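Scroll down for the structure; my scribbles are underneath it.
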There are 2 protein chains.
Amino acid sequence: MSDPIGFQCADHGTCRTTLLARAQAHCDSLGLRLTPVRRRTLEILLVEHRALGAYDVLALLAAEGLGSQPPVAYRALDFLVKAGFAHKIEALNAYTACVHPGLDHTPAFLICRTCETVAEADTALTKGRLGDAARAAGFTIERTVVEATGLCPDCADRAA
Amino acid sequence: MSDPIGFQCADHGTCRTTLLARAQAHCDSLGLRLTPVRRRTLEILLVEHRALGAYDVLALLAAEGLGSQPPVAYRALDFLVKAGFAHKIEALNAYTACVHPGLDHTPAFLICRTCETVAEADTALTKGRLGDAARAAGFTIERTVVEATGLCPDCADRAA
DNA sequence: TTCACTATTGATATGTTATAACATCCGAAG
DNA sequence: CTTCGGATGTTATAACATATCAATAGTGAA
Ligand SMILES: [Zn+2]
Ligand SMILES: [Zn+2]
Ligand SMILES: [Zn+2]
Ligand SMILES: [Zn+2]
């Protein structure tokens, strides 16, 4: 576990442009195509900095004339997830930008149930006790979903 | 982590009747009502021993004249989840019976992507590094979703 | 018993999330 | 230029989930 990329971003504008540039570079080096819809979808996730449903994304894309039917959003999101630029939050059926795109990692998420802000951390869960249990059962882990729902500091303060 | 309730059940018939009886006792002691639809829904989950979608459950209930509209299944499943007799598998949008019903615990799941069999283990994840990260971020964890997808021993053998 | 109260069920409709299927466009390789 | 594969456009539908309101059945007090 490291870098629980926090609920407040010191310099959000910079973090966004940096991550976009990194995604572009990663695509260039691998021959992947960060097309306008894909790029804009990633930018939307980065700007919002929280979990967005596919139809939320679609509405924003549609407002800009980038497509208006569900497959547009799902294709773009699938690309981003497969390329390692975004993650799906299963507990919300929603999507969020990855904070270290392109790197192979097993993310864990802290999800605020009030503002839907998402913080991404790393976890080596498969090396811990879950991994032990899996090995004992003869189970081969291919993918892990680790999501903690609760209250972020801001919302906790507001509720108090 | 303990008891990775395995992919093969030594005595499946007994495990089912035992868990059903425990659920009944738990309801009696708390004044909850394990009505026919609820009881049968739990039995279905116990017999199948894997993750079932709400509409899968509904189809089985409907075949027995226990209701045919979506709310029937969702109400029964919600009751079972709230009462601690079943869990929702977020990665599959599906439901599975709990292996130690009524007890307060934070489950972790090993899910076979081929046969959809589900093994339930416990995890004290919030006491580990995810808990550390949450505390560092000022995040209050209320619920965790821990789901590992992969191949169970049987399916791995079959694939080899 | 009768009443009021609450939990449960029945029934219809709708909302939300996700994919199938097929046509078309477009840029790179040959 | 042609061919071919990835990307998009478009329509339709599958799959998952809830809102709403009426009817019914247990529960306990008057
Ligand atoms: Zn990530
Ligand atoms: Zn919050
Ligand atoms: Zn359980
Ligand atoms: Zn299997």
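Note that the structure is a prediction, hence the values are computed from the model and not measured. Here is how names work: the chains are called A, B, and so on, in the same order as the sequence lines, proteins then strands, and each is numbered from 1.
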### Query
Taking A:His105 for the side chain and A:Leu103 for the main chain, is one N or O donor matched with an acceptor at less than 3.5 Å?
yes

Carboxylate-amine/guanidinium contact [X] [Y], below 4.0 Å:
X	Y	result
B:Asp78	B:Arg75	no
B:Arg143	B:Glu90	yes
B:Arg50	B:Glu120	no

Round to the nearest Å and state the distance from [X] atom [atom1] to [N] atom [atom2].
X	N	atom1	atom2	result
B:Leu61	C:dA11	CG	C1'	16 Å
A:Arg39	D:dA7	CZ	C1'	18 Å
A:Arg38	D:dG9	CZ	P	12 Å
B:Arg33	D:dG28	CZ	P	11 Å
B:Leu58	D:dT18	CG	C1'	14 Å
A:Phe79	D:dT8	CZ	C1'	14 Å

### Query
Under the ring pair (Phe, Tyr, Trp, His ring centres under 6.0 Å) criterion, do A:His87 and A:Phe109 qualify, and how do the steps go?
CA-CA 10 Å; A:His87 298 289; A:Phe109 298 99; 5.4 Å; yes

### Summary
With B for base contact, S for sugar-phosphate-only contact and - for none (protein heavy atoms under 4.0 Å), nucleotides 13-22 of chain C reads ----BBBBB-

### Message
Any base atoms under 4.0 Å from B:Thr35, or only sugar-phosphate, or nothing? Heavy atoms, all strands.
### Response
sugar-phosphate

### For B:Arg39, side-chain contact (heavy atoms from CB on, under 4.5 Å) partners two or more places apart
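Listed in chain order: B:Leu20, B:Gln24, B:Leu34.
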
